[in-house]
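Let me begin by presenting the structure, written as C-alpha cells, before commenting on it.
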Amino acid sequence: MLSVIIRNKIKIPLCILSCIITSCDCGQFREGIIIDSETELGIENVAVFKNTRPEQVYYSNQSGYYEWHGISGGLLPKCPEPKLYFIHPDYDTIFAPENTSVVRMEGNK
C-alpha cells in the first residue's frame with residue numbers, strides 16, 4: 001500500500017509538469033505577398049522558411065502569395081513572432097523578423 005502512495009505522489013507532479021511544458025507550444029502563421037520592388041508584380045517560387053527550421057520550406061505561388069505555418073515551443077510568456085527568410089535565385093535574400101503582409105524583393109542582376 002505504501003509503495004502505491006509513493007508512486008502516485010511521484011506520478012502526479014510529473015503529469016502536471018508534463019502538461020505545463022507541452023501546453024506552452026503555440027502555432028505560428030504568417031501570410032502575405034512577395035513582390036518585385038521595381039515592377040511591383042508578384043514573384044513565384046520564393047522559398048520561405050524560419051531561421052531555426054530551414055528544412056521546413058514553403059513557396060510563393062504565381063501571384064507571389066505565400067503562407068507559412070510553424071510551431072514554437074518553450075516556457076515563453078507569449079508566442080514569439082517568427083523570423084522568416086525569403087530566398088529566390090534572381091533576387092537578394094530578405095530576412096524579415098517582423099510581420100509584414102508585403103515583402104519587397106530587389107533583383108540581384
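In this chain, residues are counted from 1 in sequence order. Quick caveat: nothing in here was measured; it's all calculated off a predicted structure.
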**Item:** Nearest-0.5 Å distance that lies between atom CG in Asp90 and atom CD in Glu106
**Value:**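 Interatomic distance, Asp90 CG to Glu106 CD, rounded to 0.5 Å: 14.0 Å.
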
**Message:** Within this structure, what is the CG-CD distance for the pair Leu41 and Gln62, rounded to the nearest 0.5 Å?
**Reply:**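 Going from the CG atom of Leu41 to the CD atom of Gln62 covers 12.5 Å.
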
Can you check whether [X] reaches [Y] side chain to side chain, under 4.5 Å on heavy atoms?
X	Y	value
Val103	Ile33	no
Ile34	Met105	yes
Asp92	Ile94	no
Leu84	Trp68	yes
Tyr58	His69	yes

Any donor-acceptor pair under 3.5 Å from [X] side chain to [Y] backbone:
X	Y	value
Asn108	Pro89	yes
Ser60	Val46	yes
Arg30	Pro82	yes

**Request:** Indicate the atoms forming the closest heavy-atom contact of Arg104 with Ile35, along with that distance.
**Result:**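 Scanning both residues, the minimum pair turns out to be NH1-CD1, 2.9 Å.
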
**Request:** Search all heavy atoms of Ile43 against all heavy atoms of His88 and return the closest pair with its distance.
**Result:**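 Heavy-atom minimum between the residues: CG2-CD2, 3.9 Å.
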
**Message:** As a quick check of understanding, evaluate side chain to side chain contact (heavy atoms under 4.5 Å, CB included) for Asn61 and Glu44, giving each step before the final call.
**Reply:** CA-CA 5 Å; Asn61 68 14; Glu44 185 177 11; 5.9 Å; no

**Message:** Regarding Glu31 and Tyr65, do their side chains bring together a donor and an acceptor under 3.5 Å, going by distance alone?
**Reply:**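 Checked: Glu31/Tyr65 side chains pair up, N/O donor to acceptor below 3.5 Å.
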
**Message:** Count I, L, V, M, F, W, Y as connected when their side-chain heavy atoms are under 4.5 Å apart, and connections chain through other members. Are Phe95 and Tyr59 then in the same cluster?
**Reply:**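 Yes, Phe95 and Tyr59 fall within the same hydrophobic cluster.
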
**Message:** What verdict does the ring-ring contact (aromatic ring centres under 6.0 Å, His included) test give for Phe86 and Phe49, after you've listed the backbone C-alpha separation in whole Å, the side-chain angles of each residue and the deciding distance to 0.1 Å?
**Reply:** CA-CA 7 Å; Phe86 298 84; Phe49 61 90; 9.0 Å; no

